[in-house]
There are 2 protein chains.
Amino acid sequence: MATHAHHHHEHHGHDLADAAQKALTAAGEQWTDMRADIFSVLATFDKPASAYDIADLVSQKRGKRVAPNSVYRILDLFVANNLASRVESANAYLANAHPGCLHDCIFLICDSCGSATHIDDDSLTRNVRKAAEAAGFNAVRPVVEVRGTCADCD
Amino acid sequence: MATHAHHHHEHHGHDLADAAQKALTAAGEQWTDMRADIFSVLATFDKPASAYDIADLVSQKRGKRVAPNSVYRILDLFVANNLASRVESANAYLANAHPGCLHDCIFLICDSCGSATHIDDDSLTRNVRKAAEAAGFNAVRPVVEVRGTCADCD
DNA sequence: AAATGAAATGATATGTTGTAACGTGGTACC
DNA sequence: GGTACCACGTTACAACATATCATTTCATTT
Ligand SMILES: [Zn+2]
Ligand SMILES: [Zn+2]
Ligand SMILES: [Zn+2]
Ligand SMILES: [Zn+2]
């Protein structure tokens, strides 16, 4: 078998929110209305969403201002529990299409349209970790992102 | 031979500034006093330096305020000409120890002390590019950074 | 030397991203 | 009722980045 040694389907829409809820509650955290709203907004994006983008949309949705601060708190929680990823080179966040399944994700970010796609290549990221460890470094979180242009924009 | 198929020594101090100057002028750009000052300040850091850090130090050095935007301009020029790298996960910059030698660099950033080390593994980064291309993506700039703790901090 | 034009830098303002500190409201437990 | 805890609100601020236009510098031409 190739680099991806397990099976899982990517969730979408309500299915995804449902999986996210399950993952978060399984981790002993609460699934509040605020968290549900933030996750659902985040999940509508096909490109990395900034905390401020999310704050704006959630504010609209609720008819009441939600401060970026609150969004950051919840995004941090999501990232810690693998419901979302932070895209470092974009200062923004993406919903994780398979919460409950742990990966060092690789993101491909289009410099033209801003869209981001997510690929998994566990052997590749394992090698990144190995290279770091070989240099005497204790690898905790590999950041592997590729900037370029997507197929649509070429 | 291993992953690094060519030889080069890493430059330091005046030697490095000299190499940087050579590389920049070879690219048809000017090596001005401002650029020399910014590079020399940047090169003193062993951890990624923010544009504001650099602006402060260069301001001191010159006895006259240098605005961040001037620093950003020159950092962009340095990055474009391979005299420096931007560390995306730190919103900061590092002098390139071997200007004139092109790599997709890998950075190891310690979450404890903030220090960053730079490793080259061309086969690894080549595989990152390959994985992206395999997904129909036109890879321009791989970002490979590893967050964790350095040997000193363990 | 004076005029010209291009490149580099200065100055100012503003936009974007991220955190710190502290207050409020709900809920579980005693 | 008291109290401990957690989520969220509110405000303020810090840090990072860019836009715009003015000024300086320097080489080229006359
Ligand atoms: Zn998977
Ligand atoms: Zn695109
Ligand atoms: Zn090299
Ligand atoms: Zn360290």
If you apply the rule side chain to side chain donor-acceptor pair (under 3.5 Å), what do you find for A/Asp46 with A/Ser115, and how did you get there? CA-CA 6 Å; A/Asp46 70 325; A/Ser115 77; 5.6 Å; no
A/Leu102/A/Asn82 under side chain to side chain contact (heavy atoms under 4.5 Å, CB included): CA gap, chis, key distance, verdict: CA-CA 7 Å; A/Leu102 221 55; A/Asn82 201 39; 3.5 Å; yes
Evaluate B/Asp121 against B/Ser123 for side chain to side chain donor-acceptor pair (under 3.5 Å), listing each step before the verdict. CA-CA 6 Å; B/Asp121 186 331; B/Ser123 80; 3.0 Å; yes
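Residue B/Phe78 contributes atom CZ, which lies 14 Å from atom C1' of C/dT9 at whole-angstrom precision. Remark: C1' of C/dA7 and CH2 of B/Trp31 are 17 Å apart, rounded to the nearest angstrom. Atom CG in A/Asp76 sits roughly 10 Å away from atom C1' in C/dT19 (whole-Å rounding). Here D/dC16 presents its C1' atom at 13 Å from CG of B/Asp56, a figure rounded to the nearest Å. Atom pair A/Leu24:CG and D/dC6:P shows a separation of 15 Å (rounding to whole Å applied). The interatomic distance linking B/Tyr72 (OH) with C/dG10 (C1') rounds to 17 Å, in whole Å. Distance CD1 (A/Ile54) to P (C/dT16): 16 Å, rounded to an integer number of Å.
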Spell out protein contact along nucleotides 7-13 of chain D as letters: B when the base is contacted, S when just the sugar-phosphate is, - when no protein heavy atom is under 4.0 Å; keep the 5' to 3' order. SBBBB--
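Taking the side-chain hydrogen bond (donor to acceptor under 3.5 Å, both in side chains) definition, one finds that B/Ser85 meets it with nothing, sequence neighbours left out. Shown here are the side-chain hydrogen bond (donor to acceptor under 3.5 Å, both in side chains) partners of B/Arg147, two or more places apart in sequence or in another chain: B/Ser89, B/Asp111. Remark: B/Lys61 pairs with B/Ser40 by the side-chain hydrogen bond (donor to acceptor under 3.5 Å, both in side chains) rule, at least two apart or across chains.
Hydrophobic cluster membership of A/Val140, counting Ile, Leu, Val, Met, Phe, Trp and Tyr whose side-chain heavy atoms lie under 4.5 Å apart directly or via other members: none, as it forms a cluster of its own.
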If you restrict it to nitrogen or oxygen atoms, what contacts under 3.5 Å exist between nucleotides 26-28 of chain C and the protein, and what is each distance?
none

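Counting all heavy atoms, side chain and backbone alike, B/Leu16 lies closest to B/Ala97 at CD1-O, 4.0 Å.
Listed by first and then second residue, the salt bridge (charged side-chain N to carboxylate O under 4.0 Å, His left out) pairs that reach into residues 80-92 of chain B are B/Arg86-B/Glu88, B/Glu88-B/Arg141, sequence neighbours excluded. Here ring pair (Phe, Tyr, Trp, His ring centres under 6.0 Å) pairs that include residues 108-152 of chain A, with residues two or more places apart or in two chains, are A/His98-A/His118, A/Phe107-A/His118. For the salt bridge (charged side-chain N to carboxylate O under 4.0 Å, His left out) condition, no pair includes a residue of residues 89-102 of chain A, sequence neighbours left out. Legend: ring pair (Phe, Tyr, Trp, His ring centres under 6.0 Å) pairs involving residues 60-87 of chain A, not counting sequence neighbours, sorted by first then second residue: A/Phe39-A/Phe78.
Looking at residues 85-94 of chain B, you'll see B/Arg86, B/Asn91 sit with a heavy atom under 4.0 Å from some atom of DNA chain D.
Side-chain atoms of B/Asp53 come within 3.5 Å of backbone atoms of B/Ser50 as a donor-acceptor pair (strictly under, hydrogens ignored).
Note that the two end axes of the helix from C/dA1-D/dT30 to C/dC30-D/dG1 enclose an angle of 10°, each drawn from 5 base pairs, rounded to 10 degrees.
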